[in-house]
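First comes the structure, then the notes that go with it.
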Amino acid sequence: QQQVKQSPQSLIVQKGGISIINCAYENTAFDYFPWYQQFPGKGPALLIAIRPDVSEKKEGRFTISFNKSAKQFSLHIMDSQPGDSATYFCAASMSSGGYNKLIFGAGTRLAVHP
Amino acid sequence: DVKVTQSSRYLVKRTGEKVFLECVQDMDHENMFWYRQDPGLGLRLIYFSYDVKMKEKGDIPEGYSVSREKKERFSLILESASTNQTSMYLCASSQRSGRGSNQPQHFGDGTRLSIL
């Protein structure tokens, strides 16, 4: 019940295309859903996050869509660029006593070809 | 900008050795975390700390311990290293989360540990 399932494992997109990464969770107590971006040799960095009281959040070319009833959320990267090539992790957590323990998906390796 | 610094980028140790991984953050964050990252498994939480000298087990604490004597420093200890602990280790820190709010975790660049 603590798992976050992420798909696909890898994704190849042409420059200018839309990249879509999906995640699903079971625990309805989760109340925070961040996405992290990781470049080779670097630690993950927070990209965008959403709470379950909204269905969509957009920041530039990055959009999170959230479906509470289906317990699914996805990351859309519009107009994908070669510089977006990285590994993306979805995560989920619930607020608890001043800290939030993140449960991560397995990651998606995105390659954007020019 | 938040900076989380891990003392080593690469480390090679032998089976049975006691291994120390060090992490320092410069933003006065209350919370600190240790994860390991393995291909196909994502990041898994080993231990975390929400205050000096306080620690909590994460999802995979077996074979590990931690120490937090100062607010800015969080150490991961492999008591007796084994080959299945070969992995990328990531440290993170965050501010204390308030009721109904979530503070982002800021990660270091990782230590790639090989146990021979």
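What you see below is based on every heavy atom in this structure, not just the backbone, and it leaves out hydrogens, waters and symmetry mates.
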With a 4.5 Å cut-off on side-chain heavy-atom distances among I, L, V, M, F, W and Y, is there a chain of contacts connecting [X] to [Y]?
{"X": "Met88(B)", "Y": "Leu102(A)", "result": "yes"}
{"X": "Val13(A)", "Y": "Ile77(A)", "result": "yes"}
{"X": "Val66(B)", "Y": "Met32(B)", "result": "yes"}
{"X": "Tyr10(B)", "Y": "Val12(B)", "result": "no"}
{"X": "Ile64(A)", "Y": "Met94(A)", "result": "yes"}

Discussion item. I need the residue from Pro34(A), Gly41(A), Ala49(A), Ser93(A) with the largest number of non-hydrogen atom pairs under 4.5 Å to chain B.
Written reply: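 It is Gly41(A).
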Practice prompt. Kindly indicate, with the supporting measurements, whether the criterion side chain to side chain contact (heavy atoms under 4.5 Å, CB included) is fulfilled by Gln105(B) and Leu46(A).
Written response: CA-CA 8 Å; Gln105(B) 292 185 20; Leu46(A) 179 66; over 6 Å; no
Structural part of [X] lying under 4.5 Å from a heavy atom of chain A:
{"X": "Arg9(B)", "answer": "side chain"}
{"X": "Glu30(B)", "answer": "neither"}
{"X": "Leu90(B)", "answer": "side chain"}

Using heavy-atom distances under 4.5 Å, tell me whether [X] contacts chain B through its side chain, its backbone, both, or neither.
{"X": "Pro44(A)", "value": "both"}
{"X": "Gln6(A)", "value": "neither"}
{"X": "Thr87(A)", "value": "neither"}

Discussion item. Does Leu45(B) form a side chain to side chain contact (heavy atoms under 4.5 Å, CB included) with Ile103(A)? I'd like the steps, not just the answer.
Written reply: CA-CA 8 Å; Leu45(B) 182 64; Ile103(A) 308 297; over 6 Å; no
Worksheet item: Are Arg44(B) and Phe104(A) close enough, and set up right, to give a side chain to side chain contact (heavy atoms under 4.5 Å, CB included), and what steps lead you there?
Response: CA-CA 7 Å; Arg44(B) 293 179 291 165; Phe104(A) 283 87; over 6 Å; no
Worksheet item: Could you state the interatomic distance from CZ (Phe107(B)) to OH (Tyr36(A)), rounded to the nearest 0.5 Å?
Response: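 The CZ atom of Phe107(B) sits 5.5 Å away from the OH atom of Tyr36(A).
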Worksheet item: Which residue out of Gly40(B), Ala92(B), Gly110(B) racks up the most heavy-atom pairs below 4.5 Å with chain A?
Response: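 Top option by heavy-atom pairs under 4.5 Å: Gly40(B).
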Worksheet entry | Closest-packed option against chain A by number of heavy-atom pairs under 4.5 Å, given Asp109(B), Asn31(B), Asp38(B) |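 Counting heavy-atom pairs under 4.5 Å, the top option is Asp109(B).
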Practice prompt. Please report the C-alpha distance between Phe89(A) and Gln37(B) in whole Å, then the side-chain angles of each, then the deciding distance to 0.1 Å, and finally whether the side chain to side chain contact (heavy atoms under 4.5 Å, CB included) criterion is met.
Written response: CA-CA 11 Å; Phe89(A) 294 96; Gln37(B) 180 178 4; 3.3 Å; yes
Worksheet item: So with a 6.0 Å cut-off around CD of Gln81(A), is the heavy-atom count from everything else above 12?
Response: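 Counting other residues, nucleotides and ligands, CD of Gln81(A) exceeds 12 neighbours.
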